[in-house]
Number of protein chains: 2
Amino acid sequence: MLAIERQRMILDRVVTESSIRVVDLADSLHVSGETIRRDLLALEQQGLVRRVHGGAVDARQDAGDRLFQERETIRIEEKRAIGLRAAELVQDGDIIAVDVGTTALVFCEALRSKRRLTVITPSIKAALLLRQTSDARVIVTGGELQEDEPYLAGYLAEAALRQFHVTRAFISAGGIALDTGITDYHDGEVQMRKVMLQCASQVTVLADSSKMGVRAFAVVGPLRLMDTLITDAGLHSSMQQKLEQLGIEVLVAEAPVRK
Amino acid sequence: MLAIERQRMILDRVVTESSIRVVDLADSLHVSGETIRRDLLALEQQGLVRRVHGGAVDARQDAGDRLFQERETIRIEEKRAIGLRAAELVQDGDIIAVDVGTTALVFCEALRSKRRLTVITPSIKAALLLRQTSDARVIVTGGELQEDEPYLAGYLAEAALRQFHVTRAFISAGGIALDTGITDYHDGEVQMRKVMLQCASQVTVLADSSKMGVRAFAVVGPLRLMDTLITDAGLHSSMQQKLEQLGIEVLVAEAPVRK
DNA sequence: GCGGCGTGTTGGCCATTGAAAGACAAAGGA
DNA sequence: TCCTTTGTCTTTCAATGGCCAACACGCCGC
């Protein structure tokens, strides 16, 4: 294997995994740790990675002050691309609803360039992020604080959502399948999403391509409930065609290209 | 795991939870407390967190929430005493409402020994603190997220409070005076407090003695609305007598003495 | 064959970590 | 209020493992 090939593979892993260890790379590429260090040195001189004790981290992600939660997340590049694409649908002054979840959080970060937004969300993380990074008016639904992730659910949350009508709701989904429709894993969230769908003129679902064809156990509703689906380039063209036949606008977010 | 990954993870938790304990981190990240302390030291040198005894707090919130920070440090001993005294009024299994503010936050900390509580609050900080330190069921009122301090106010918050009836409400106050009654500085909070008073069987006001005789501009209501006042030893005995003549139970918290 | 290049190996050095001991701070009881 | 107890912080030390520099080896083209 050529040195340059190996370095590309290393960069690829650093990008997808955010960080990498020298021993892991040496192991999987069947070269010595010293070779890996020399490769990382070369990549660092090109400004592509940053070396740290024991390995290296993605230089680009490291530059920004993004939340760790995002970096750690699998398929973060896809989600970031989806978040950026979704933010393009938002105009200054819009009133939108934002869901719980990592994709939604990345989306909120992409909203920092917008002005005078009104955002309603059940996610504490999203609310605090928006408060820090933007001038948005943030309305938090009430509800019972969940254990696993800081968001609010239950009767109060649903009642709060019903008080509003938003121009666009941005929803996450655990699964998108042609037969079962939109599904998810947490039934508490599902109920809230149903309400969110009802109180929005336009429904946009954010789901990376790994969710396509997946049937999670709690059903949110049929596919026709969504007006727009934003996903990444991993979407099968046949799936895309079928979705478009149902009248759903499918936007494929291009992952930002790396030099 | 790389040291830098661990530090990012720590930072993420500090940001979302506002504060964190060394032992909790050591436990969940499976490293020794010494390693965590070194990580926190590194993060502190980058200006990202501020170390405190037992853990660390979010530096950004400290800097941004200047007002809150000041209130946090001022008369903290008295507030802690008041919080502890107030916690004595709470039984396992109680359903209570908790207000916004530093005193309320200290009170929530003192609730860690209680079990199976149900707490309703408009304060994000209080909610996250309770989620972290106790097994309480936490219900957050909805509402508009405020700029200066993370709590929720407005129509939604009031509507949410009206959905409940609690055995005891714990209220903060900016001023307690015999003529103007209970007053405060933020009119948004005042409206919410009025509602909180209405939906509680017992009303307990937490106010350190510096608030006595103070008339802040927004009126919450007459003194007779409160059943119990918890304050510190700085309370004038004449004031205490007059309050007791009004049928208010006055509890004086003994501040732990500092060497 | 010879020099350049990339790679592996080796030994010394340094960074990170965890354990232990003593100092210090906080909480609770007499 | 004082003292005890408990928990936390700091310092020090040893061990582990990663880093670096130097050198040897093999491959390739000339």
Side-chain angles (χ1 to χ4, degrees), chain A residues 1-11 13-14 19-46 49-57, chain B residues 1-11 14 19-46 49-57 72-73 75-88 105-114 129 132-134 232-234 252-259:
Chain A
M1 178 187 294
L2 260 50
I4 187 84
E5 281 182 85
R6 195 179 51 237
Q7 290 177 13
R8 279 201 193 289
M9 291 178 72
I10 291 173
L11 182 58
R13 285 194 60 182
V14 173
S19 61
I20 198 82
R21 267 169 294 278
V22 169
V23 282
D24 289 351
L25 285 171
D27 215 38
S28 62
L29 297 175
H30 305 104
V31 292
S32 73
E34 293 313 304
T35 301
I36 297 295
R37 287 194 186 90
R38 282 186 270 250
D39 287 335
L40 289 176
L41 191 64
L43 290 170
E44 186 175 46
Q45 281 167 355
Q46 296 170 58
V49 306
R50 187 166 75 85
R51 295 182 63 198
V52 295
H53 193 91
V57 295
Chain B
M1 173 181 297
L2 291 170
I4 190 155
E5 288 182 274
R6 196 180 48 237
Q7 290 175 12
R8 303 247 175 251
M9 213 176 284
I10 290 171
L11 182 59
V14 172
S19 63
I20 197 81
R21 291 180 58 78
V22 170
V23 282
D24 290 349
L25 286 170
D27 209 41
S28 62
L29 297 175
H30 305 105
V31 293
S32 73
E34 279 61 41
T35 301
I36 297 295
R37 277 184 253 282
R38 281 186 271 249
D39 286 336
L40 290 176
L41 191 65
L43 290 170
E44 186 175 47
Q45 281 165 356
Q46 295 172 57
V49 307
R50 188 167 66 83
R51 293 181 64 198
V52 295
H53 193 90
V57 296
E72 211 160 23
T73 47
R75 305 180 71 84
I76 183 65
E77 284 308 320
E78 288 82 353
K79 286 177 177 171
R80 189 163 295 149
I82 292 170
L84 284 170
R85 187 71 185 83
E88 290 174 21
L105 215 54
V106 176
F107 167 61
C108 285
E109 217 163 295
L111 291 178
R112 65 168 57 196
S113 56
K114 309 293 173 185
L129 179 68
Q132 208 184 332
T133 62
S134 79
D232 60 80
V252 177
E254 293 295 328
V257 180
R258 186 142 297 271
K259 310 175 218 189

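A note on names: the letters A, B, ... follow the listed sequences, proteins ahead of strands, and every chain is numbered from 1.
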Rounded to whole Å, CD1 of A:I36 lies from C1' of D:dC20 at a distance of 16 Å
Smallest heavy-atom separation, B:M1 atom then A:R21 atom, equals CA-NH1, 3.3 Å
When rounded to whole Å, the CG to P distance for the pair B:L41 and C:dT16 reads 12 Å
To the nearest angstrom, the CG-C1' distance between A:L40 and D:dG18 comes to 13 Å
Closest non-hydrogen contact found for B:S19 with B:V57 is CB-CG1, 3.7 Å
| task | Indicate whether OP1 or OP2 belonging to C:dG6 is found under 4.0 Å from a side-chain N or O atom of A:R37. | result | no
Separation of C:dT16 atom C1' from A:R21 atom CZ, nearest Å, is 14 Å
*Would A:R13 and A:S28 count as having a side-chain donor-acceptor pair, cut-off 3.5 Å?*
yes
In short, A:V22 meets A:L40 closest at the heavy-atom pair CG2-CD1, 4.0 Å
Got a list of protein N/O to nucleotides 8-12 of chain C N/O distances below 3.5 Å?
unit_1: C:dG8; atom_1: OP2; unit_2: A:S32; atom_2: N; d: 3.1
unit_1: C:dG8; atom_1: OP2; unit_2: A:S32; atom_2: OG; d: 3.1
unit_1: C:dG8; atom_1: OP2; unit_2: A:T35; atom_2: OG1; d: 2.3
unit_1: C:dG8; atom_1: N7; unit_2: A:R38; atom_2: NH2; d: 2.8

Check your understanding: Does B:R8 come within less than 4.0 Å of B:E5, counting only side-chain N to carboxylate O?
Key -> no
Rounded to whole Å, the CD1-P distance (B:I4 to C:dT16) equals 11 Å
To the nearest angstrom, the CZ-P distance between B:R85 and C:dA27 comes to 18 Å
Between A:Q7 and A:A42 the two heavy atoms that sit nearest each other are NE2-CB, 3.9 Å
Check the phosphate of C:dT16 against B:R6, side-chain N and O only, distance under 4.0 Å to OP1 or OP2. Yes or no?
no
A:R51 CZ to C:dT16 P, in whole Å, measures 13 Å
A:E5 atom CD is separated from C:dG6 atom C1', nearest whole Å, by 14 Å
Requested in this report: Indicate yes or no: at least one non-hydrogen side-chain atom of A:R51 is less than 4.5 angstrom from one of A:R37.
Outcome: yes
Side-chain atoms of A:H53 come closest, of C:dG6, C:dT16, D:dT10, to C:dT16
